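All values derive from a computational prediction rather than experimental measurement.
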Amino acid sequence: MTDPRGALTVQAGGKSYTLWLGMSVIAGLQGKHGQDVLQRLEPPAGASDAWMPDLNIVVDLFQLALQRYHADADRYVVDEILAENVGALQSMLAAAFPEQSVDKGGKASGNAKRPGRAA
């Protein structure tokens, strides 16, 4: 379930978790992974279906997104969330950046208006 303010609620291990992708999360990711971190989550032009983003960024993104409502969540909660919620990364990005379109396969498409991206 998505929310236009950047929240996504998922189920994992029989529990409900609210992920929040706000500016503090983006700032934390930029501090650790660089200013282009959001672009590094997107497949480059011509990437194959086997392309995968840097999993360190994905895990850090989920851990930071959990902090607002679940400060005690650890990396293993992230594992459970990702295992039980295929497409959670794309869903969370779409919730935080609703201008972005997501195709039926769950892949980001179109010209997303994310921070640091030219419109």
Side-chain angles (χ1 to χ4, degrees):
M1 172 183 220
T2 60
D3 179 290
R5 296 173 302 215
L8 173 70
T9 301
V10 296
Q11 303 294 318
K15 296 181 182 178
S16 180
Y17 294 95
T18 300
L19 303 165
W20 180 269
L21 180 50
M23 290 307 230
S24 60
V25 172
I26 295 168
L29 286 173
Q30 286 178 331
K32 187 169 184 179
H33 298 284
Q35 294 295 316
D36 65 340
V37 68
L38 294 177
Q39 290 78 21
R40 291 170 51 205
L41 290 171
E42 297 178 8
S48 73
D49 288 339
W51 179 86
M52 186 180 303
D54 182 328
L55 295 181
N56 290 306
I57 296 172
V58 173
V59 170
D60 288 343
L61 170 62
F62 276 82
Q63 266 197 287
L64 288 167
L66 282 163
Q67 291 304 299
R68 183 172 187 156
Y69 298 107
H70 313 282
D72 60 339
D74 60 21
R75 295 177 79 81
Y76 302 107
V77 171
V78 173
D79 289 345
E80 290 177 16
I81 289 171
L82 292 172
E84 294 182 36
N85 297 275
V86 176
L89 174 61
Q90 293 83 4
S91 295
M92 186 169 36
L93 292 172
F97 307 105
E99 301 86 20
Q100 175 183 350
S101 60
V102 177
D103 68 18
K104 291 179 183 177
K107 291 185 179 179
S109 61
N111 292 322
K113 293 182 181 176
R114 292 191 187 158
R117 235 189 139 143

Can you give me every donor-acceptor pair (side chain of residues 63-71, partner residue at least two apart or in another chain, under 3.5 Å) with its distance?
unit_1: Q63; atom_1: OE1; unit_2: R75; atom_2: NH1; d: 3.2
unit_1: Q67; atom_1: NE2; unit_2: Q63; atom_2: O; d: 3.3
unit_1: H70; atom_1: NE2; unit_2: T18; atom_2: N; d: 2.9

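- Heavy-atom minimum distance, A12 versus Y17: O-CE1, 3.5 Å.
- You'll find the side chain of L89 reaches within 4.5 Å of the side chain of P53, heavy atoms only.
- In this structure, the side-chain contact (heavy atoms from CB on, under 4.5 Å) partners of D79, at least two apart in sequence or on a different chain, are Y76.
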Exercise for the section: Check step by step if side-chain contact (heavy atoms from CB on, under 4.5 Å) holds for L61 and V37. Expected result: CA-CA 10 Å; L61 170 62; V37 68; over 6 Å; no
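- Both M23 and L93 are members of a single hydrophobic cluster when ILVMFWY side chains are connected at heavy-atom separations under 4.5 Å.
- Applying the salt bridge (Lys or Arg N to Asp or Glu O under 4.0 Å) test to every pair with at least one member in residues 6-22, sequence neighbours left out, gives no pairs at all.
- Between the side chain of E84 and the backbone N or O of G13 there is at least one donor-acceptor pair closer than 3.5 Å.
- Partners of S16 according to the side chain to side chain donor-acceptor pair (under 3.5 Å) rule, which considers only residues two or more places apart in sequence or in another chain, are Q11.
- Considering every non-hydrogen atom in both W51 and P44, the closest pair reads NE1-CD, 3.4 Å.
- If you take CG on D54 and CG on L41, they are separated by 8.5 Å, rounding to the nearest 0.5 Å.
- Minimum heavy-atom separation, A88 to L8: O-CD2, 3.8 Å.
- To the nearest 0.5 Å, atom CD of residue E42 and atom CD of residue Q90 are 10.5 Å apart.
- Among all heavy-atom pairs drawn from A95 and A7, the shortest one is CB-O, 3.6 Å.
- Residues that satisfy the side chain to side chain donor-acceptor pair (under 3.5 Å) test with D60, not counting sequence neighbours, are K32, H33.
- Here L55 contributes atom CG and F62 contributes atom CZ; the two are 11.0 Å apart, rounded to the nearest 0.5 Å.
- Both V59 and L38 sit in one connected hydrophobic cluster of ILVMFWY residues. Membership requires side-chain heavy atoms under 4.5 Å apart, directly or through other members.
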